[in-house]
Protein chains: 2
Amino acid sequence: MTLRKRSLPPPKTGRGEMTRRKILDAAKREIGRRGFAEASISTITAEAGVAQGTFYIYFRTKEDVMRELVLHMGRMLRHHLTEATAGAKNRLEAEKLGLRAFLDFVRKNPDLYKVVEESQFVDEKVYRQYYTDFAKSYRIALAAAEKRGEVAASKNGVSTEVRAWMLMGISVFLGQRYGLWDPKTPLEPIVEAAAAMIAHGLSPAPGAAPGRAK
Amino acid sequence: MTLRKRSLPPPKTGRGEMTRRKILDAAKREIGRRGFAEASISTITAEAGVAQGTFYIYFRTKEDVMRELVLHMGRMLRHHLTEATAGAKNRLEAEKLGLRAFLDFVRKNPDLYKVVEESQFVDEKVYRQYYTDFAKSYRIALAAAEKRGEVAASKNGVSTEVRAWMLMGISVFLGQRYGLWDPKTPLEPIVEAAAAMIAHGLSPAPGAAPGRAK
DNA sequence: ATGCAATATGAATCAGTTGTCATGTTAGAA
DNA sequence: TTCTAACATGACAACTGATTCATATTGCAT
């Protein structure tokens with residue numbers, strides 16, 4: 001029964017709901033732009049168009065907002081990815097569609113993305129949970145695909161988990177490099193290249209002629 | 001000629017050198033443990049066994065220390081990886097040895113690792129430089145391996161770069177999951193699984209029987 | 001209409017920093 | 001030995017920004 005630090009009760013009226021959302025939205029932009037340390041409550045409330053004290057009606061601390069935003073990102077991203085991969089014929093196609101959708105998401109929501117990454121240094125627990133949850137769905141999806149013979153069978157107990165974390169790392173790094181830092185470059189060739197690597201790895205294609213000199 | 005904010009002159013005596021190193025070391029531990037925001041100059045100097053003011057003889061700000069530590073990590077890691085992959089027969093083997101060495105490094109230097117990751121929110125420039133530099137050496141190594149036919153030829157211009165970032169993402173995420181968060185688990189099976197995936201991807205091995213039912 | 005709970009205000013409080021500085025101390029060159 | 005630049009000290013001035021709180025205001029249920 002460790003119910004320490006309950007979250008504040010949710011707003012009871014429509015007005016409250018609106019205000020809370022305005023603050024959350026301003027916080028997302030502000031923290032995304034300036035980072036957690038630089039973002040001040042006064043700036044956030046100013047941007048939201050409310051008084052300083054109003055913040056504390058809905059959130060206990062600045063950290064609270066981070067937690068909330070991480071959960072929010074999780075929900076949004078999950079939804080986005082579910083939609084994007086719904087029509088996939090197999091796991092490999094799902095990986096490709098998912099990566100593409102993820103990069104799109106990052107470009108459309110750079111603030112949210114940065115908030116999640118920074119949450120690791122504000123509330124490590126929520127950050128771990130975020131990735132651990134993703135890893136879990138990933139593991140399940142991969143295990144199912146293994147059963148169906150769509151991906152190579154794992155050699156040992158850990159390998160599905162390892163693959164899940166590798167795939168997350170790939171997405172996060174490509175998201176950082178091409179989603180955040182280089183938001184103009186066309187995504188197609190990137191996704192193409194990444195999907196090929198995910199499917200076949202670095203090895204020279206065994207079927208293809210290995211040494212076509214000249 | 002934008003020489004703004006020159007770094008402080010280096011110590012001129014052995015004593016100064018020692019003191020500077022003690023501070024840097026304490027800062028590494030302190031920031032690694034408590035994070036950049038929580039780490040205070042007074043705590044760092046206390047741990048280093050010097051007075052508060054001494055800090056400012058060697059560093060302008062806390063951010064300065066971060067920058068220095070990121071560069072330090074870069075040098076140490078590069079050295080560690082170079083040694084570890086020296087005897088590799090080919091790129092695939094180098095990848096495996098490199099990953100293994102990286103995970104070792106993370107387990108031995110968790111503070112330094114965390115400092116580098118947090119630097120992204122303290123001085124984004126130095127963080128980008130860190131990974132951009134690594135990506136560059138990676139690209140060069142991959143391109144050479146392609147020439148030698150050790151890895152699949154890239155299909156288009158971006159693909160070598162994409163591969164480099166994917167491989168870095170893989171390392172960082174496995175480093176986080178198995179190096180930092182789960183520092184006891186044996187690394188062999190993890191490296192084994194990861195190397196297989198890096199070599200062949202997710203696709204069922206084309207040689208292996210795809211549907212050995214029951 | 002009226003009364004109460006919910007919501008809103010923003011000045012004041014409060015805690016904790018950083019970075020400075022006037023004053024020693026040290027070591028090694030001459 | 002003496003002299004001086006380098007190094008070290010630690011108290012504290014100045015600042016910052018989060019959080020509190022006494023005081024309005026709002027709007028819905030009755």
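Throughout, a chain's letter reflects where its sequence line sits, starting with A, and its residues are numbered from 1. What you see below is based on every heavy atom in this structure, not just the backbone, and it leaves out hydrogens, waters and symmetry mates.
- Within residues 44-58 of chain B, the residues that have a heavy atom under 4.0 Å from DNA chain C are, in order of number, B:G53, B:Y56.
- With sequence neighbours left out, the salt bridge (charged side-chain N to carboxylate O under 4.0 Å, His left out) criterion links A:D25 to A:K28, A:R29.
- Looking at which nucleotide of DNA chain C each of B:S42 and B:T13 is closest to, the 5′-most match is held by B:S42.
- In summary, contact between chain B and DNA chain D, defined as any nucleotide atom under 4.0 Å from a heavy atom of the protein, begins and ends at D:dA6 to D:dG10 in the 5' to 3' direction.
- Both B:S40 and A:R15 sit near DNA chain C, but only A:R15 has its closest nucleotide nearer the 5' end.
- Enclosure of atom CD in B:E38 is not indicated, since only 12 or fewer non-hydrogen atoms of other residues, nucleotides or ligands lie within 6.0 angstrom.
- Heavy-atom neighbours of B:R21 CZ from other residues, nucleotides or ligands within 6.0 Å: at or below the threshold of 12.
- Nearest approach of A:V172 to B:F173, heavy atoms of both residues: CG2-CZ, 3.5 Å.
- Looking only at distances, no side-chain donor or acceptor of B:T85 sits under 3.5 Å from a matching main-chain atom of B:A88.
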List, one per line, each side-chain donor-acceptor pair under 3.5 Å for residues 70-78 of chain B, sequence neighbours excluded.
from	atom 1	to	atom 2	distance (Å)
B:R78	NH1	B:S137	OG	3.4

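- The main-chain N or O of A:T45 is never found under 3.5 Å from a side-chain atom of A:Q52 such that the two would form a donor-acceptor pair.
- Nucleotides of DNA chain C with any atom under 4.0 Å from a heavy atom of chain A span, from 5' to 3', C:dA6 to C:dG10.
- For A:K96, the side-chain hydrogen bond (donor to acceptor under 3.5 Å, both in side chains) partners at least two apart in sequence or on another chain are A:E192.
- Side-chain contact check for B:Y58 and B:E17: no donor-acceptor pair (N or O, by modelled atom type) lies under 3.5 Å.
- Proximity of a side-chain donor or acceptor of B:E93 to a complementary backbone N or O of B:K89 within less than 3.5 Å is detected.
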